[in-house]
Structures are given as C-alpha cells and as structure tokens.
Student: 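Quick one: the structure is below, and I'll ask about it shortly.
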Amino acid sequence: MIFCQPWSVSRANRRWYKYGMDNLSTADRRKTMRSVRSKDTGPEMRIRRILHKAGYRYRLHRSDLPGKPDLVFSTRRKVIFVHGCFWHGHHCKKGTPPSSNKEFWEPKLARNRERDIENLQKLTKMRWNTLTLWECEIKSMQDTEILELAVEFLRQ
C-alpha cells in the first residue's frame, strides 16, 4: 500500500493509490517484472554447474523440443526442466498466486501448468525421459543430493 497523500502521487500512479494494490510505482513495477528471467535463472545455473563439474555435457534450451527444456542430454534422450515455483504453479509457499488481480493471474498460471503437462506428454510420446526440478526443492537440497538425484535419473 502506498502511504502518501493523494496529491503527492503522480498521475500515472493514482489508480494504484486509489485501489492500494501495489507498493511500487508503475516504473518500478515494470523494471522489476522485466528483470524476471526465463533462462539462466539461479536454480538452473546451480544445476548446470553441479552437472558440468561432474563431467556431464548437455545442450541448453533446444527449441526443436516441446517446452524448450533447460538441459538436454541428446545421446541419453533425457531432459531436465528447472521450474520456478511461482510461474509453474508448484504447491508450495512460493507457488501461491497473488491475491490481487486474480482475473489476470489465475488463468495465466493455469495455462502455464496446462502447457507444462502438454509438453511432458509430447516429450513422452517422442520417447524422451523427463525430470522436473522445482526451485524450492533445489534451494533446500545440498549439491551432493542434487547430483545423486540427477545421476540416478541419467543412468536409468
């Protein structure tokens, strides 16, 4: 909520003041949302470093595969997705949708989940094995645990 007098709020930000939905100005919100990445996120980079250090080689974001998997092991026909909890609707604390502007967020996040399921089904039809790692799981795991999980998946 913005704690200032209505006359001190810029014209562009008056609607946010009026409804009390956001504590950032429009310019600050735009800057924040533009900084959200779809590739090379922190959790993805951590997985990549661990696997590369262990000697595994992979391709990144192959656009010819459904969903552009984060890590692709072509010779093994295996892919790893590293999903952010919020954007992919994980059932954890970080995966809860915002309480404001539900008309926008609920359909958007539901469509993301549907698309994820469709992509997994397409990959399975193409005989690719998939592993999905969630941001919250990655943050709570030690590097050795992540490596064990990935190695077990890749050796199957």
Student: Grab the two heavy atoms, one from E145 and one from S140, that are nearest each other, plus how far apart they are.
Tutor: OE1-O, 4.4 Å
Student: Could you walk me through whether L133 and L149 pass the side-chain contact (heavy atoms from CB on, under 4.5 Å) test, one step at a time?
Tutor: CA-CA 10 Å; L133 297 173; L149 180 69; 3.4 Å; yes
Student: Drop me the distance from S74's OG to R59's CZ, to the nearest 0.5 angstrom.
Tutor: 7.5 Å
Student: Mark yes or no for whether R77, through its side chain, and M126, through its backbone, hold a donor-acceptor pair below 3.5 Å.
Tutor: yes
Student: Let me confirm one number: the CH2-CG distance from W128 to L120, rounded to the nearest 0.5 Å.
Tutor: 14.0 Å
Student: Identify the heavy atoms of L154 and K78 that sit nearest to each other, and give their distance.
Tutor: O-CE, 3.7 Å
Student: Under 30°, 30 to 60°, or over 60°: which ring-plane class applies to H88 and H83, parallel, tilted or perpendicular?
Tutor: parallel
Student: Report the distance from atom CE of M45 to atom CZ of R49, rounding to the nearest 0.5 Å.
Tutor: 4.5 Å
Student: Determine whether a donor-acceptor pair (N or O, by modelled atom type, separation under 3.5 Å) exists between the side chain of R46 and the backbone of I138.
Tutor: yes
Student: Could you pull out the closest heavy-atom pair between Y58 and H52, with the gap in Å?
Tutor: OH-CB, 3.8 Å
Student: Does G67 offer a backbone N or O that forms a donor-acceptor pair with the side chain of K122 under 3.5 Å?
Tutor: no
Student: How are the rings of H90 and W134 set relative to one another: parallel (under 30°), tilted (30 to 60°) or perpendicular (over 60°)?
Tutor: parallel
Student: How long is the span from the CD atom in E137 to the OG1 atom in T132, to the nearest 0.5 Å?
Tutor: 9.5 Å
Student: Taking atom CZ as the centre, does R155 end up with more than 12 heavy-atom neighbours from other residues, nucleotides or ligands that are less than 6.0 angstrom away?
Tutor: no
Student: Report the distance from atom OG1 of T124 to atom CG of N129, rounding to the nearest 0.5 Å.
Tutor: 7.5 Å
Student: For R76 and Y56, which heavy atoms make the closest approach, and how far apart are they?
Tutor: NH2-CE2, 3.6 Å
Student: Distance from I117 atom CD1 to R113 atom CZ, nearest 0.5 Å?
Tutor: 8.5 Å
